[in-house]
Structure formats: structure tokens, C-alpha cells
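One structure is given here, and the rest of the page talks about it.
Along the sequence shown, residues carry numbers from 1.
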Amino acid sequence: MLPRMPASRHDTDTARLILVGPMQKSILRPARLKSLTLQKAPQVAVDGGGAFAVDPVLWVGDGDSGIVPKSVPVCFKSDQGMTDFRFCLETVRIWNWRELHIFGFLDGRKDHELANLGELHAALKKRRVPSSAVFYDAKNRPVIRFFQARQHKINLHGTFSVLVIEAAKISLAGKCKYPARNVALAPLSGRGVSNVASGDVRISATKPFFIIG
């Protein structure tokens, strides 16, 4: 049975959830997250991410990249056929978050990074409520934003690229240099690379997609 979100402070922002992974470089204290307006979002520590999470509501993993905490609810992974990241996504699947903020899962092995993109794509396809996710780099900057298959209005500035894991039809309108209407985008195709935005861009897709830039 998947655990429900543990009870936490009354002022917790439960619409947003932070995952802290083993590649994180700094402790995610509320003051550090204030500029991202994430200071009230609950944190989930993923294996070695326990060294960087602050007051996590849950620790998940198998303990191979960090010490299992003693004062935090724990959910052990017994199936070595899935990564810690996938196990975490499955664990929090029934929770009521709408935005997933993912720290400490980039800037490591590229095969792990690519696998994480695929796992997140699969997780967003399963969500029955509007949901999105953001990967942050080692400097806590948002670099990859994932969205479900529907229309979104996204504020963008400068060069950006739209990519998919699964073949999809993509439409772009609004303040972008290269609009598109029902364009067939193949997995990781260069056709969606290097557009330019100057404000709100409306993007719709038939499958989950992600934006870099």
C-alpha cells in the first residue's frame, strides 16, 4: 500500500512537493528556497538526498547512497528492478501535489539523467489531476520543465526548446518567434529546438513534453 502524505505543519504548501536526490550540492533550507517561493513546500528525501533535505516528511530508497535517517518516516525499496527515483514517484503518486520540484537528480551520470526523464514522463501520464514538474541543476536553477498532455500558458524569455519522449502533436502560439500548429514531433527530435520567446507562450501537446531554456 502506498503511504499517504504524513501530517505536517498547518502552513505547509501541499500543492507543491520537493524531491531531494543524492546529487544535490547544498542543504535546501527554507531561506535558500524563498526566491523560488518553495520555502513552505514539504520535502521528500530520496536515498542520499537525506543529507540535504530539511525536515523531510518522508525518506525513500534502499540506503545505497546515504544513511537511513532515524527520526523520519521511511519507505524502503525492495524491488531492485526500479530506480530510487521511480520508486519515489510511485510512492508519492496518490499524494495531492500539483507541482513537483526535483533537486539533486541532474549533474551526475548522463544515463541516470535520461532515465529520470523517462520515468517522469511515465509518471505524468498516470496523473489524473493537472500536474507539472521541474528539474533543478546544482545551483538550484530550474532547467528542465515537464508538462502533461494538454494546453499550457508558460511564461518564457529567450531561447527555449520543446522536446518529447514519445511521438506527439505540438502546437505553439503567443509570444514566440516560431509558432506551430499540430506539428508532428518525434521523440527527442531537433525540430522543437531553439525557439525564442518574449512572454507568455501557449503550448499544447497530445503527450507529455518538456522545455529546456
Next item on the list: Return yes if some donor-acceptor pair links the side-chain N/O of Lys77 with the main-chain N/O of Met82 below 3.5 Å, else return no.
Entry: yes
Item checked: Minimal non-hydrogen separation, Gly61 against Asp84, with atom names -> CA-OD1, 3.9 Å
Next item on the list: List the steps, then state whether ring-ring contact (aromatic ring centres under 6.0 Å, His included) holds for His121 with Phe209.
Entry: CA-CA 8 Å; His121 166 88; Phe209 66 95; over 10 Å; no
Check: Quick check: does any side chain N or O of Gln43 sit under 3.5 Å from a backbone N or O of Leu28, one acting as donor and the other as acceptor?
Finding: yes
Item checked: N/O donor-acceptor pair under 3.5 Å between Gln148 side chain and Arg150 backbone -> no
Item checked: Under 3.5 Å donor-acceptor, Asp107 side chain and Ala138 backbone -> yes
Item checked: N/O donor-acceptor pair under 3.5 Å between Ser161 side chain and Ser194 backbone -> yes
Check: Is a side-chain N or O of Trp97 found less than 3.5 angstrom from the main chain of Ile18, in a donor-acceptor match?
Finding: no
Checklist line | Single-linkage hydrophobic cluster Leu185~Leu188, side-chain heavy atoms < 4.5 angstrom | finding: no
Check: Parallel, tilted or perpendicular: which fits the ring planes of Phe105 and Phe85, with parallel below 30° and perpendicular above 60°?
Finding: tilted
Check: Is Glu90 paired with Lys126 through a side-chain N to carboxylate O contact shorter than 4.0 Å?
Finding: yes
Check: Can any side-chain N or O of Trp59 pair as donor or acceptor with the backbone N or O of Asp47 at less than 3.5 Å?
Finding: yes
Check: Please walk me through it: do Ile102 and Val134 pass side chain to side chain contact (heavy atoms under 4.5 Å, CB included)?
Finding: CA-CA 6 Å; Ile102 305 167; Val134 185; over 6 Å; no
Next item on the list: State, to 0.1 Å, how close Leu89 and Ala123 come at their nearest heavy-atom pair, and which atoms those are.
Entry: CD1-CB, 3.9 Å
Check: Take atom NZ in Lys169; do more than 12 heavy atoms of anything else shown fall under 6.0 Å from it?
Finding: no
Item checked: Taking every non-hydrogen atom, the tightest pair across Val54 and Pro30 -> CG1-CD, 4.3 Å
Next item on the list: For Arg16 and Thr37, test the side chains for any donor-to-acceptor distance below 3.5 angstrom and give the result as yes or no.
Entry: yes
Check: Using 30° and 60° as the class limits, which term best fits the ring planes of His101 and Tyr136: parallel, tilted or perpendicular?
Finding: tilted
Item checked: Short side-chain to backbone donor-acceptor contact, Ser132 and Phe146, under 3.5 Å -> no
Note to self: Between Lys139 and Asp137, does any side-chain N to carboxylate O distance fall below 4.0 Å?
What the structure shows: no
Item checked: Polar side-chain atom of Arg145 near backbone of Gly213 as donor-acceptor pair, under 3.5 Å -> yes
Margin query: More than 12 heavy atoms of other residues, nucleotides or ligands under 6.0 Å from CZ of Arg127: yes or no?
Written below: yes
Item checked: Test: Lys175 and Asp200 ion pair at under 4.0 Å -> no
Next item on the list: Kindly give the heavy-atom pair with the smallest separation between Pro187 and Ile165, and that separation in Å.
Entry: CB-O, 3.3 Å
Notebook entry, point to check: With distance as the sole test, does Thr91 use its side chain to make a donor-acceptor pair with the main-chain N or O of Phe87 at under 3.5 Å?
Noted result: yes
